[in-house]
Protein chains: 2
Amino acid sequence: MSNSTPATIEDVARIANVSIATVSRAIHMPEKVANSTRLKVNQAIAITGYTTNAMARSLRLGRSNMILVVAPDIGDPNFSNILIGLENEARSHGYGILIGHTQNDAQRGLEYLKFLNSNQAAGLILFTGILPFGHQTMTARLPPSVGVFEPVFNGGIPYVGVDDVAGARKAIDLLITEGHRRIAFVGDSRTRLAYSRRRTGYEAGLDAAGISPDLRIVLEGDGTIESGRLAVEQLFMRDTLPTAFMCVNDQTAIGVMIGLKARGYDIPEDFSVTGFDDVPQAVFMTPSLTTIRQPRTAIGKHAMALLLELLSDGEPAETEILLRPDLVVRNSVAAPARFRR
Amino acid sequence: MSNSTPATIEDVARIANVSIATVSRAIHMPEKVANSTRLKVNQAIAITGYTTNAMARSLRLGRSNMILVVAPDIGDPNFSNILIGLENEARSHGYGILIGHTQNDAQRGLEYLKFLNSNQAAGLILFTGILPFGHQTMTARLPPSVGVFEPVFNGGIPYVGVDDVAGARKAIDLLITEGHRRIAFVGDSRTRLAYSRRRTGYEAGLDAAGISPDLRIVLEGDGTIESGRLAVEQLFMRDTLPTAFMCVNDQTAIGVMIGLKARGYDIPEDFSVTGFDDVPQAVFMTPSLTTIRQPRTAIGKHAMALLLELLSDGEPAETEILLRPDLVVRNSVAAPARFRR
DNA sequence: ACAGATTATGTAAAGGTTTACACAGCATAG
DNA sequence: CTATGCTGTGTAAACCTTTACATAATCTGT
């Protein structure tokens with residue numbers, strides 16, 4: 001029953017007294033094989049404990065049952081929940097997940113490219129906003145790929161994520177409803193599509209409320225805590241203070257809160273702050289952070305489903321799947337000071 | 001240069017005007033091949049952009065270059081940093097990482113067992129404290145495996161983690177130094193080895209300070225936030241209050257803090273709390289949590305190194321690698337109330 | 001100068017699977 | 001009764017490597 005070496009298809013064939021071709025067919029095209037034979041084969045499989053050797057299968061088929069997931073940083077708090085969605089969907093279709101992180105290092109990207117070239121992965125999920133590979137190789141031979149969490153900047157790759165414009169709109173609408181009119185946007189970026197979409201939502205919200213945008217309170221940022229802190233410093237330097245900070249993500253919001261607290265201000269009494277993502281920390285902040293929730297597990301699930309579809313059909317049914325973001329109201333937003341005294 | 005189908009070893013051989021055997025040797029045993037030949041082969045490889053087909057290689061060699069990492073929950077905040085260490089070490093040795101999570105579901109475990117049986121993974125890193133597979137299969141044919149983060153309960157598997165006893169000792173010593181003598185232990189467990197080791201450290205600390213242990217303030221728990229909250233409730237019910245809570249992990253500590261705050265107490269003024277792990281949230285709590293840091297990336301790195309050693313040597317040099325935990329002093333610990341008034 | 005050792009390379013088998021093609025048996029239609 | 005088609009199965013090739021074994025060429029020591 002449990003030999004030292006795993007049972008092969010040949011062992012099964014011998015026991016079932018059929019050819020290996022029939023065994024293979026009994027497994028993969030059961031309708032092509034007579035009932036009685038199928039029964040014999042199944043019994044033989046049970047006896048031997050046979051599982052098909054994935055290596056041999058992949059070699060023969062010319063494609064593996066692994067999906068490569070590349071993220072810039074595995075430690076990103078958004079990563080794990082998306083990964084759960086990806087993994088569940090993949091596993092239920094017989095696929096496994098291979099993991100890599102680039103740390104924004106091109107060299108790393110190339111190493112993962114090798115996984116792709118050597119046929120170890122049939123498809124690619126890109127967590128980073130850009131193709132982490134050199135440009136020449138990139139166009140050459142990329143397997144079916146899907147971008148996730150952040151639209152892919154430099155390649156025509158289908159994308160699954162949240163509706164950034166709508167999400168940002170929910171945040172800005174909340175702030176406006178509370179009475180804010182001078183609202184800073186922290187985390188503007190030309191290279192990160194998700195961020196620029198969030199800015200679009202921000203501007204649409206201002207516009208709808210008849211507030212003319214003020215570029216002096218639109219701050220650049222790369223989504224790090226430090227960039228949030230820096231933005232606060234800049235605003236105080238320039239003396240162009242808003243009453244609320246709409247941040248491009250939660251990390252930035254954390255940075256903003258740190259910056260404001262360091263100057264002795266209270267949140268939300270003196271300034272309101274919103275984030276985006278709803279990372280696990282958000283609820284533990286003081287005050288807890290009002291933010292926009294990404295349906296992370298759902299994103300992962302949809303992305304993997306789309307990729308698997310690509311793998312079988314070849315053509316993507318849709319080029320972009322946008323999920324609905326939800327406003328999570330906590331304690332970092334209140335009416336601006338002038339309304340309360 | 002970039003054909004539709006990837007270059008094979010045969011293409012390289014043809015261009016270099018040698019046999020495929022020589023190409024293979026030039027790649028894997030360069031010292032066995034003449035300098036001039038090696039040069040030709042390398043040029044041919046550069047021209048074709050050849051990468052060896054991992055499937056064919058694994059099939060021939062009878063072992064893959066993938067390591068399966070199984071965790072009970074990918075979302076665990078401890079997971080990602082360990083994963084980084086695992087991944088870096090694996091990649092630098094040409095291995096890739098395959099990911100699975102069981103959600104404590106035996107059925108899931110079996111599915112991952114298939115990955116192992118079908119030769120897709122050469123080794124196993126177990127993040128969960130128990131072998132997630134059925135018992136019969138378990139003994140049958142398990143590949144080289146290493147437990148990580150939590151000792152493996154039901155199998156003689158080498159383990160890499162933190163020195164739980166020493167870590168717990170650091171926490172209890174801090175509390176005692178601050179003047180606490182009634183210190184609760186929250187998160188006792190018979191099945192989780194890491195937790196029981198931490199309790200050992202707790203008791204050693206009490207003993208060294210000449211404090212006789214009081215079982216009424218040793219509370220069971222499974223390491224969840226809820227279990228921490230529950231423990232507080234129980235203590236208030238029984239009216240056997242400590243002045244400090246030493247918690248088996250940060251999640252539990254968070255639960256304890258929630259429970260105490262809900263009853264209107266201040267931390268650390270009324271009660272001190274310590275955690276274990278130093279999860280990313282710990283620093284964002286109010287008050288920020290004094291805890292024991294797990295060197296997570298280092299744990300991952302050592303675990304993978306040990307596994308790779310196992311894969312080549314067969315015999316593990318050591319059966320347990322314990323890394324040094326560090327005390328991280330933040331704001332959730334202070335002298336007990338009676339000392340301060 | 002020659003036996004024997006050493007070095008460099010080639011030939012071919014093996015690893016486990018899938019599948020095109022061939023074939024046998026049998027039913028159906030003419 | 002023969003031609004035709006269908007169904008179920010088997011044979012063998014192919015996928016791409018690695019490596020044991022064989023062979024050819026060169027070197028070493030006498």
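No hydrogens, no waters, no symmetry mates; every other heavy atom, side chains included, goes into these values. A, B, ... follow the sequence lines: proteins, then strands. Residue 1 opens every chain.
Computed from coordinates, the B/Gln120 CD to C/dG16 P distance equals 15 Å when rounded to whole Å. The interatomic distance linking A/Asn117 (CG) with D/dC16 (C1') rounds to 15 Å, in whole Å. Rounded to whole Å, the distance from CG on B/Leu59 to C1' on D/dT18 is 10 Å. In this structure, B/Arg60 places its CZ atom 11 Å from C1' of C/dA12, rounding to the nearest Å. In this structure, B/Ile20 places its CD1 atom 20 Å from P of C/dA8, rounding to the nearest Å. At whole-Å resolution of the value, CD in B/Glu31 and C1' in C/dT6 are 15 Å apart. What separates NE2 of B/His28 from P of D/dT19 is a distance of 8 Å, to the nearest Å. Whole-Å rounding puts the A/Glu10 CD to C/dA14 P distance at 12 Å.
Side chain of A/Asp11 to main chain of A/Thr8: a donor-acceptor pair is present (N/O by atom type, distance under 3.5 Å, no hydrogens or angles).
Residue contacts for A/Thr52: at a heavy-atom cut-off of 4.0 Å it reaches the sugar-phosphate backbone alone, with no base atom in range. Nucleic acid contact for A/Leu61: sugar-phosphate only, since backbone atoms but no base atoms lie under 4.0 Å from a heavy atom of the residue. Using a 4.0 Å heavy-atom criterion, one finds that B/Ser58 contacts no nucleic acid atom at all.
Between atom OG1 of residue B/Thr51 and atom CD1 of residue B/Ile27 there is a gap of 9.5 Å, rounded to the nearest 0.5 Å.
Which of C/dT17, D/dT17, C/dA12 sits closest to the side chain of B/Ala21 comes down to C/dA12. Comparing C/dG16, C/dG10, D/dT17 against the side chain of B/Arg57 picks out D/dT17 as the nearest. Counting only heavy atoms from C-beta on, B/Val18 has its side chain closest to C/dG10 among C/dG10, C/dT17, D/dT19.
Donor-acceptor pairing under 3.5 Å, judged by distance alone, is present between the side chain of B/Arg25 and the base of C/dG10.
A side-chain donor-acceptor contact under 3.5 Å links A/Asn65 and B/Gln120. Side-chain atoms of B/His28 and B/Arg57 form a donor-acceptor pair, as typed in the model, at a separation below 3.5 Å.
Counting heavy atoms of neighbouring residues, nucleotides and ligands inside a 6.0 Å radius, atom NZ of B/Lys40 exceeds 12 of them.
If you find the closest nucleotide of DNA chain C to B/Ser36 and to B/Met55, the one lying nearer the 5' end belongs to B/Ser36.
Here A/Thr22 does not reach the OP1 or OP2 of D/dT9: none of its side-chain N or O atoms lies under 4.0 Å away.
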